[in-house]
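These notes are about the structure you will find just below.
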Amino acid sequence: MWGHHRENSFMYKRTPSRDNSNMEGDVEENSDLLDISMDKETSNPSWKLSLPHVLVATITSFLFGYHLGVVNEPLESISVDLGFNGNTLAEGLVVSICLGGALFGCLFSGWIADAVGRRRAFQLCALPMIIGASMSAATNNLFGMLVGRLFVGTGLGLGPPVAALYVTEVSPAFVRGTYGALIQIATCVGILGSLFIGIPVKEISGWWRVCFWVSIIPAAILALAMVFCAESPHWLYKQGRTAEAEAEFERLLGVSEAKFAMSQLSKVDRGDDTDTVKFSELLHGHHSKVVFIGSTLFALQQLSGINAVFYFSSTVFKSAGVPSDFANVCIGIVNLTGSIISTGLMDKLGRKVLLFWSFFGMAISMILQAAGASSVLPNVGALYLSVGSMLLFVFTFALGAGPVPGLLLTEIFPSRIRAKAMAFCMSVHWVINFFVGLFFLRLLEKLGPQLLYSMFATFCIMAVVFVKRNVVETKGKSLQEIEIALLPQE
């Protein structure tokens, strides 16, 4: 069962022991590939070949962060200019309608990525963001703003799953974690970029339109640059385009590594990659346990309260006498700092270690946040504790719980279901994100901050236990080695 797979996937050895009896048969069946892997020289391919392709893909993540934050500062100016000032429902829709579009785009991202390829999926992702941003920038009424934001949201939902897929499939194993962390860094830079571009909005009339027009530039760059980027060799191989797959491996890894990479693909291929993956197979098929783990990870990530902190941190800072714009910048800088540090740790400490201690740190932070909300501490001490624990929460999130799930899931999902399983799991992320944002203020009012933060801390502790018991380590392993180790019994 999964427990045996979990414990033995760390070392990928065929030595029999009490803990790996169930997995021994699977690994023995694929001993040829593992022997090739052990006999191969330990030199790694140059990371410089694949880095430009990865950087282009992370433009999607930059846009993701930018559009999530672009209406925060300009919202008041937008509401005045478009005639819905004071209508809290309309203001809420302008902020949150992106989530509805994102859920729609995310649900279909796996099917699109498998049907047209990763590169064209990126271009399809950029298209609604260009159209939607143009509509939002040019509109003179609320309806046009909402339709534009809905279009943008569709692109936001399609982009992140495809980016996670692409970065995982084009990266050499020894830097795959570092490249995966670049996705989180790009998101943080996008959020900070939207905050800084919105600074003049209160002084310059109509500046909010510039904020939307500016976003078209990176979207257009993404669509054009993808023409020159490599297609995923894994996708090409699944389409039966073997020669093209090898040519792309040569572009990404070098000529000397391409043959070995192709031999891995051919060994792990089971002849059914071209079959249609049905939705029911994700829930009840051979790989349903892996899909369950992926969905649960994304659910716990959102139930930890991270987006409540991002959305409503200014309230806590304001109570401590800190201006909201300065508070947002502080949160953004701490998030970016943690993400940068995670790039150096991802391929050294490993995914599971970062994820475990990240959720543990978030649990401690939320406990401190609950303590700061109690009446036991003096007012000044409670305020400083609340602000400090909030910054600590964001920092520890950025170290692991932020960047790891998207990377880890694309590593552990078998190639046959990878795109569609990722789309399903990220849809869970969007649904819970929506409900946390919708009910946070109401729960804060009804339950009080101490009880609500204690609930978030409980979810973080649950995540620590879940990671310890279910998550596998994938550091330094090729996608084929991981797939063999987690191969379900037939």
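Quick note: numbers below take in every heavy atom, side chains included, and nothing from hydrogens, waters or symmetry partners. Computed from a prediction, not measured in an experiment: that's the story for all the values here.
- No side-chain heavy atom of L49 sits less than 4.5 Å from a side-chain heavy atom of R251.
- Considering only heavy atoms from C-beta on, F249 stays 4.5 Å or farther from E257 through its side chain.
- N335 places no side-chain N or O within donor-acceptor distance of the main-chain N or O of C188, the cut-off being under 3.5 Å.
- Nearest heavy atoms, A423 versus C106: CB-O, 3.3 Å.
- Looking at V404 and M346, their side chains come closer than 4.5 Å, going by heavy atoms from C-beta outward.
- Between the S136 side chain and the A133 main chain, no donor and acceptor come within less than 3.5 Å of each other.
- Side-chain contact between L409 and F298 is present, with at least one heavy-atom pair separated by less than 4.5 Å.
- Here Q184 contributes atom CD and F397 contributes atom CZ; the two are 5.5 Å apart, rounded to the nearest 0.5 Å.
- Counting heavy atoms from C-beta outward, F228 and P52 have side chains that stay 4.5 Å or more apart.
- The backbone N or O of I197 sits less than 3.5 Å from a side-chain atom of W207, completing a donor-acceptor pair.
- Within the model, atoms CD1 of I293 and CG of N470 stand 4.5 Å from one another, a figure rounded to the nearest 0.5 Å.
- The two residues P218 and L63 come nearest to each other via the heavy atoms CG-CD2, 3.6 Å.
- Atom CZ of F104 has 12 or fewer neighbouring heavy atoms from other residues, nucleotides or ligands inside a 6.0 Å radius.
- Ion pairing between a basic and an acidic side chain is recognised when a charged N comes within 4.0 Å of a carboxylate O; E231 and R120 show no such pairing.
- Taking all atoms of both residues into account, the shortest heavy-atom contact from W208 to V201 is N-CG2, 4.0 Å.
- Residue I412 holds its CD1 atom at 11.0 Å from OG1 of T168, rounded to the nearest 0.5 Å.
- In summary, the aromatic rings of W111 and F108 are positioned with their centroids too far apart to meet the 6.0 Å limit.
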Using the rule given for side chain to side chain contact (heavy atoms under 4.5 Å, CB included), can you reason through L82 versus N141, listing the C-alpha separation, both sets of side-chain angles and the distance that settles it, and then say yes or no?
CA-CA 5 Å; L82 300 186; N141 54 64; 5.8 Å; no
Stepwise side chain to side chain contact (heavy atoms under 4.5 Å, CB included) check, F395 with S365:
CA-CA 10 Å; F395 179 76; S365 302; over 6 Å; no
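- Within the 3.5 Å criterion, the main-chain N or O of A230 finds a donor-acceptor partner in the side chain of H53.
- Taking 4.5 Å as the limit, some side-chain heavy atom of Q123 sits within range of a side-chain heavy atom of V227.
- The backbone N or O of L355 sits nowhere less than 3.5 Å from a side-chain atom of S358 that would complete a donor-acceptor pair.
- Under the 30°/60° scheme for interplanar angles, the aromatic rings of F360 and W357 are found to stand perpendicular.
- In this structure a side-chain-to-backbone donor-acceptor pair under 3.5 Å is missing from Y66 to L192.
- Between F424 and W430, the ring centre distance reaches or exceeds 6.0 Å.
- Checking K420, R418, Q239 one by one against D114, the side-chain hydrogen bond (donor to acceptor under 3.5 Å, both in side chains) holds for a single residue, K420.
- R118 places no side-chain N or O within 3.5 Å of a backbone atom of V162 that could act as its donor or acceptor partner.
- Between the OG atom of S109 and the CE atom of M422 there is a distance of 8.5 Å, given to the nearest 0.5 Å.
- Among all heavy-atom pairs drawn from V116 and W235, the shortest one is C-CZ2, 3.7 Å.
- In terms of heavy atoms, F456 sits closest to S304 at CB-O, 3.4 Å.
- Between the side chain of S295 and the backbone N or O of F292 there is no donor-acceptor pair closer than 3.5 Å.
- Using a distance-only test at 3.5 Å, with no hydrogens or angles considered, no donor-acceptor pair links the side chain of E248 to the main chain of P233.
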Scan the side chains in residues 144-154 for donor-acceptor partners under 3.5 Å anywhere in the protein, sequence neighbours excluded, and list what turns up.
{"from": "R149", "atom 1": "NE", "to": "V94", "atom 2": "O", "distance (Å)": "3.0"}
{"from": "R149", "atom 1": "NH1", "to": "H67", "atom 2": "O", "distance (Å)": "3.2"}
{"from": "T154", "atom 1": "OG1", "to": "L150", "atom 2": "O", "distance (Å)": "3.1"}

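- Annotation: the span from D81 atom CG to T139 atom OG1 amounts to 11.0 Å, rounded to 0.5 Å.
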Using the side chain to side chain contact (heavy atoms under 4.5 Å, CB included) rule, take C229 and F122 through it: C-alpha gap first, then chi angles, then the decisive distance, then the call.
CA-CA 11 Å; C229 288; F122 277 117; over 6 Å; no
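- Contact annotation: the side chain of S50 approaches that of Y179 to within less than 4.5 Å [non-hydrogen atoms, C-beta and beyond].
- Residues L99 and L103 fail the side-chain proximity criterion, which asks for heavy atoms closer than 4.5 Å.
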Are S134 and W213 close enough, and set up right, to give a side chain to side chain contact (heavy atoms under 4.5 Å, CB included), and what steps lead you there?
CA-CA 6 Å; S134 301; W213 284 123; 3.9 Å; yes
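- The distance from the CG atom of L75 to the CD atom of E91 is 5.0 Å, given to the nearest 0.5 Å.
- Without hydrogens or angle criteria, R351 side chain to V471 main chain gives no donor-acceptor distance under 3.5 Å.
- The nearest pair of heavy atoms linking P172 to L253 is CG-CD2, 3.8 Å.
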